[in-house]
Amino acid sequence: MIRSDYVVLITGAARRIGAQIAHTLHASGHRVVLHYRSSAGEAHALADSLNAKRANSACALCADLKEVDAIRKLGADAHRVWGRLDALVNNASSYFPAPLSDLTPEQFDDLLGSNLRAPLFLSQTCAPLLSEGGSIINILDVHVRKPMSGFSAYLAAKGGLWTLTEALAVELAPRLRVNGVAPGHMIWADQPQFEPERLKAEQERIPLKKLGGEAEVAKAVKFLLSDDAKYMNGAILPVDGGLRLS
């Protein structure tokens with residue numbers, strides 16, 4: 001069962017997996033707050049399309065998640081839109097290879113900021129605003145448990161978020177639940193990080209031999225927000241076609 005009056009804040013919701021999460025939760029009856037940083041046109045177009053389906057059910061808010069003041073304002077503004085906030089989905093993420101030999105402090109700060117620091121401080125901001133029985137869901141990466149060469153800084157940040165998910169599940173219970181979704185290869189980056197041969201090899205590593213797609217992540221988020229998962233707390237749900245086992 002999905003609560004039709006729920007309000008969910010989704011970070012990085014303008015495009016790709018974030019947008020699919022928004023579509024899926026909205027179709028279930030949720031109201032959605034779409035966070036974006038630079039994709040204003042896409043975020044507002046998505047909000048408009050969702051509002052056309054159901055009036056007053058979506059809005060778009062801009063924030064630079066590198067700034068703690070902006071994070072705090074985002075949480076307060078998201079709560080203010082409809083006077084309630086029931087769930088936070090920390091989806092926004094920087095992702096790029098940074099081999100150890102070439103890693104710069106700026107790259108590390110970017111990866112750590114979007115993948116760990118922002119979810120931590122947004123969770124801090126939203127936790128007291130979330131309604132009783134609310135949820136925080138963090139989008140992780142199954143490669144935290146099966147690292148790829150060249151992505152050490154990114155995976156260190158996601159690994160921190162994995163631990164944070166479990167730590168907050170203890171700290172915020174019993175009022176709130178905190179869970180995670182750990183995708184594998186779902187869609188390739190806008191600017192693929194591998195040569196075509198490597199892309200083919202990566203897909204072959206997946207036991208199901210195909211990319212998962214955005215919808216599989218969105219369905220996992222929907223499940224974790226539902227009453228069917230009301231006793232799940234601190235769980236990390238792999239959505240990877242078995243990649244973690246290969």
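Counting from 1, the numbers follow the sequence of the chain as shown. Small disclaimer: the values here were computed from a predicted structure and weren't measured.
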Q: Hey, what do you get for CG (D102) to CD (Q107), rounding to the nearest 0.5 Å?
A: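 Taking CG in D102 and CD in Q107, the distance rounds to 8.0 Å.
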
Q: Using 30° and 60° as the class limits, which term best fits the ring planes of Y6 and H30: parallel, tilted or perpendicular?
A: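 Taking H30 first and then Y6, their aromatic rings lie parallel (interplane angle under 30°).
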
Q: Which distance, rounded to the nearest 0.5 Å, do you find between the NZ of K158 and the OG1 of T163?
A: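 Answer rounded to 0.5 Å: 13.0 Å.
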
Q: Say whether L9 and F121 are linked into one hydrophobic cluster, either directly or through other cluster members, by side-chain heavy-atom distances under 4.5 angstrom.
A: yes

Q: Does K210, at its NZ atom, have more than 12 non-hydrogen atoms belonging to other residues, nucleotides or ligands within less than 6.0 Å?
A: no

Q: Count I, L, V, M, F, W, Y as connected when their side-chain heavy atoms are under 4.5 Å apart, and connections chain through other members. Are I236 and L116 then in the same cluster?
A: yes

Q: Could you label the plane-to-plane angle of the Y95 and Y154 rings as parallel, tilted or perpendicular, counting under 30° as parallel and over 60° as perpendicular?
A: perpendicular

Q: Look up atom OG in S135 and atom NZ in K230, then write down how far apart they are to the nearest 0.5 Å.
A: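 One gets 12.5 Å once the value is rounded to the nearest 0.5 Å.
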
Q: Quick check: closest heavy atoms across E42 and A14, and the distance to 0.1 Å?
A: CB-O, 3.9 Å

Q: Using the side chain to side chain contact (heavy atoms under 4.5 Å, CB included) rule, take H143 and M148 through it: C-alpha gap first, then chi angles, then the decisive distance, then the call.
A: CA-CA 7 Å; H143 288 99; M148 295 186 295; 3.4 Å; yes

Q: Honestly curious: do L129 and I71 fall in one hydrophobic cluster under the side-chain, below-4.5 Å linking rule?
A: no

Q: Hey, are R80 and D77 close enough for a salt bridge, meaning a charged N less than 4.0 Å from a carboxylate O?
A: yes

Q: May I have the step-by-step check of side chain to side chain contact (heavy atoms under 4.5 Å, CB included) for R72 and V68, ending in yes or no?
A: CA-CA 6 Å; R72 290 172 177 156; V68 173; 3.4 Å; yes

Q: About how many Å separate OG of S57 and CG of L25, when rounded to the nearest 0.5 Å?
A: 12.0 Å

Q: Between N115 and S93, does any side-chain donor sit less than 3.5 Å from a side-chain acceptor?
A: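 S93 and N115 do have a side-chain donor-acceptor pair below 3.5 Å.
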
Q: Taking atom CD of E166 and atom CG of N138, what is their separation to the nearest 0.5 Å?
A: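 Atom-to-atom, E166:CD and N138:CG are 11.0 Å apart.
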
Q: Which heavy-atom pair separates K209 from Q203 by the least distance, and what is that distance?
A: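 Scanning both residues completely, I find the closest heavy atoms to be O-NE2, 3.4 Å.
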
Q: In sequence, state the C-alpha distance, the side-chain angles, and the governing distance for V32 and H23, and then conclude on side chain to side chain contact (heavy atoms under 4.5 Å, CB included).
A: CA-CA 9 Å; V32 292; H23 275 294; over 6 Å; no

Q: Could you walk me through whether L161 and V144 pass the side chain to side chain contact (heavy atoms under 4.5 Å, CB included) check?
A: CA-CA 10 Å; L161 184 58; V144 166; over 6 Å; no

Q: Atom CG of L88 and atom OG of S123: how far apart are they, to the nearest 0.5 Å?
A: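 It is 5.0 Å, given to the nearest 0.5 Å.
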
Q: One thing to verify: whether E204 and K200 come together as a salt bridge, which I'm taking to mean a side-chain N less than 4.0 angstrom from a carboxylate O.
A: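 No salt bridge links K200 with E204.
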
Q: Does L245 belong to the same Ile/Leu/Val/Met/Phe/Trp/Tyr cluster as L237, with side-chain heavy atoms less than 4.5 Å apart forming each link?
A: no

